[in-house]
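In what follows, a single structure is set out as structure tokens and then discussed.
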Amino acid sequence: MALKATIYKIDLQIADMDRQYYADHTLTIARHPSENDERMMVRVLMYALHAQEGIAFTRGLSEVGEPDVWVRDLTGEIKLWIDVGQPDESRLRKACGRADQVEVACYSSSCEIWWKQIASKLGRLNNLSVKQLRADTSRTLASLVERSMQVQCMVQEGEIWISTDKMRIPVELKRLKSSF
């Protein structure tokens with residue numbers, strides 16, 4: 001018998017002063033049986049940091065040809081492709097060919113090893129950006145998970161904070177590769 005996705009409800013309030021984006025989002029997230037809380041919360045973080053018209057969670061782990069989060073315009077063109085974790089080189093090359101911008105959010109303690117192995121092969125992909133979230137931060141984000149959550153994301157002058165009624169977490173993303 002196949003395992004089913006677990007459904008999470010998140011009321012996400014975003015105050016991104018750097019982008020002048022202020023909105024409330026009611027999210028329903030289907031967490032794949034092989035996905036852990038840490039990965040799911042990194043997806044939520046990336047959604048919050050890139051929220052705009054056309055943003056959506058995809059089928060992600062259930063569909064290998066889709067990112068974890070994307071932004072599509074009204075014509076269906078992929079403006080932004082966001083992958084979470086440590087995707088392989090060929091996946092990133094394909095993504096860069098399909099989307100205007102590609103961003104990877106790496107979050108485990110093995111990020112630097114992964115990046116050293118593929119960085120030289122991806123240097124020419126001008127629409128690829130890679131960011132690293134500290135492993136202790138992603139684990140702390142995972143500790144916030146409940147089936148129904150209220151989450152606030154505040155961004156001001158490059159500083160990122162994720163808050164719930166339990167705690168307030170500073171988030172630092174180290175840039176490993178910038179797009180041009």
Side-chain angles (χ1 to χ4, degrees), residues 2-85 87 95 98-108 129 131-134 136-173:
L3 296 174
K4 293 185 177 187
T6 304
I7 304 301
Y8 292 83
K9 302 281 187 178
I10 300 177
D11 289 325
L12 177 63
Q13 298 174 325
I14 303 168
D16 188 334
M17 288 158 249
D18 293 355
R19 294 187 303 136
Q20 301 300 304
Y21 183 86
Y22 308 93
D24 294 341
H25 295 264
T26 301
L27 307 174
T28 300
I29 299 174
R31 192 181 87 191
H32 190 274
S34 67
E35 183 176 38
N36 60 26
D37 290 344
E38 188 174 10
R39 187 177 191 286
M40 182 184 75
M41 288 304 289
V42 174
R43 282 196 300 140
V44 171
L45 171 66
M46 296 312 290
Y47 183 101
L49 295 178
H50 297 284
Q52 59 189 283
E53 185 73 31
I55 194 166
F57 289 110
T58 66
R59 291 175 286 188
L61 292 174
S62 298
E63 178 60 49
V64 295
E66 293 182 0
D68 294 300
V69 179
W70 62 15
V71 176
R72 295 172 70 173
D73 67 14
L74 294 175
T75 67
E77 293 292 314
I78 303 170
K79 304 313 261 175
L80 177 61
W81 174 296
I82 301 172
D83 266 340
V84 171
R98 291 184 61 196
D100 292 348
Q101 286 293 125
V102 175
E103 185 161 318
V104 176
C106 182
Y107 61 90
S108 74
S129 171
K131 296 177 182 173
Q132 179 183 4
L133 179 64
R134 290 177 31 164
D136 61 330
T137 302
S138 62
R139 285 191 299 271
T140 304
L141 287 173
S143 73
L144 301 175
V145 171
E146 296 177 6
R147 293 291 293 272
S148 180
M149 299 180 271
Q150 291 188 338
V151 178
Q152 298 81 40
C153 177
M154 187 184 81
V155 180
Q156 183 177 15
E157 295 177 6
E159 289 189 21
I160 305 164
W161 291 86
I162 297 290
S163 306
T164 66
D165 59 346
K166 289 182 181 179
M167 68 176 68
R168 188 169 185 226
I169 304 165
V171 175
E172 182 182 334
L173 290 168

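- Judged by distance alone, the side chain of Arg98 and the main-chain N or O of Gly65 form a donor-acceptor pair under 3.5 Å.
- Under 3.5 Å, the side chains of Thr28 and Lys9 contain a donor-acceptor pair of N or O atoms.
- Between Gln52 atom CD and Asp16 atom CG the span is 11.0 Å, to the nearest 0.5 Å.
- In this structure, the side chain of Arg39 does not engage the main chain of Arg43 through any donor-acceptor pair within 3.5 Å.
- Side chains of Met167 and Ile169 form a contact here, defined as non-hydrogen atoms less than 4.5 Å apart.
- The structure places CG of Leu45 at 6.0 Å from CG of Leu173, a figure rounded to the nearest 0.5 Å.
- Val171 is not listed as a side-chain neighbour of Trp161, based on a closest heavy-atom distance of 4.5 Å or more.
- For the pair Gln101 (side chain) and Ala99 (backbone), a donor-acceptor distance under 3.5 Å is absent.
- The closest donor-acceptor contact from the side chain of Thr140 to the backbone of Asp136 lies under 3.5 Å.
- Of the options Gln150, Met149, His25, a side chain to side chain contact (heavy atoms under 4.5 Å, CB included) to Asp11 is made by Gln150 and by none of the others.
- The two residues Ala15 and Tyr22 make their nearest non-hydrogen contact at CA-CD2, 3.8 Å.
- For the pair Tyr8 and Val145, the minimum side-chain heavy-atom distance is below 4.5 Å.
- Counting heavy atoms from C-beta on, the side chains of Met154 and Arg168 come closer than 4.5 Å.
- Residue Tyr47 comes nearest to Val69 through the heavy atom pair CD1-CG1, 4.3 Å, listed as atom of the first residue, atom of the second, then distance.
- Around CZ of Arg31, the count of heavy atoms belonging to other residues, nucleotides or ligands within 6.0 Å exceeds 12.
- A search for side-chain contact (heavy atoms from CB on, under 4.5 Å) contacts involving Ala5 returns Ala30, not counting sequence neighbours.
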Go through Gln152 and Ile162 one step at a time and tell me if the side chain to side chain contact (heavy atoms under 4.5 Å, CB included) criterion holds.
CA-CA 6 Å; Gln152 298 81 40; Ile162 297 290; over 6 Å; no
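- Between Ala105 and Val42, the shortest heavy-atom contact is CB-CG1, 4.1 Å.
- At a threshold of 4.5 Å between non-hydrogen side-chain atoms, the residues Leu12 and Asp24 do not count as touching.
- Proximity of Val104 to Ser129: side-chain heavy atoms (C-beta onward) are nowhere separated by under 4.5 Å.
- Within the 3.5 Å criterion, the main-chain N or O of Gln156 finds no donor-acceptor partner in the side chain of Glu159.
- With a 4.5 Å cut-off on side-chain heavy atoms, His50 and Ile55 count as touching.
- The side-chain heavy atoms of Phe57 and Ile29, taken from C-beta on, include a pair separated by under 4.5 Å.
- Salt bridge absent: Glu38 and Arg139 never bring a charged side-chain N and a carboxylate O closer than 4.0 Å.
- Here Trp81 contributes atom CH2 and Arg72 contributes atom CZ; the two are 10.0 Å apart, rounded to the nearest 0.5 Å.
- Between Glu157 and Asp18 the shortest heavy-atom distance is N-OD1, 2.6 Å.
- Residues meeting the side-chain contact (heavy atoms from CB on, under 4.5 Å) test with Asp100, sequence neighbours left out: Lys79.
- Across all non-hydrogen atoms, the minimal contact from Gln132 to Ser108 is NE2-O, 4.4 Å.
- Atom CG in Leu133 sits 9.0 Å away from atom CE in Met46 (nearest 0.5 Å).
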Apply the test side chain to side chain contact (heavy atoms under 4.5 Å, CB included) to residues Trp70 and Ile82: give CA-CA distance (whole Å), side-chain angles for both, the deciding distance (0.1 Å), then the verdict.
CA-CA 6 Å; Trp70 62 15; Ile82 301 172; over 6 Å; no
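- Judged by distance alone, with hydrogens and angles left aside, the side-chain atoms of Asp83 form no donor-acceptor pair with the main-chain N or O of Pro67 at under 3.5 Å.
- Annotation: side-chain contact (heavy atoms from CB on, under 4.5 Å) contacts of Thr164 (sequence neighbours excluded): Leu144, Val151, Lys166.
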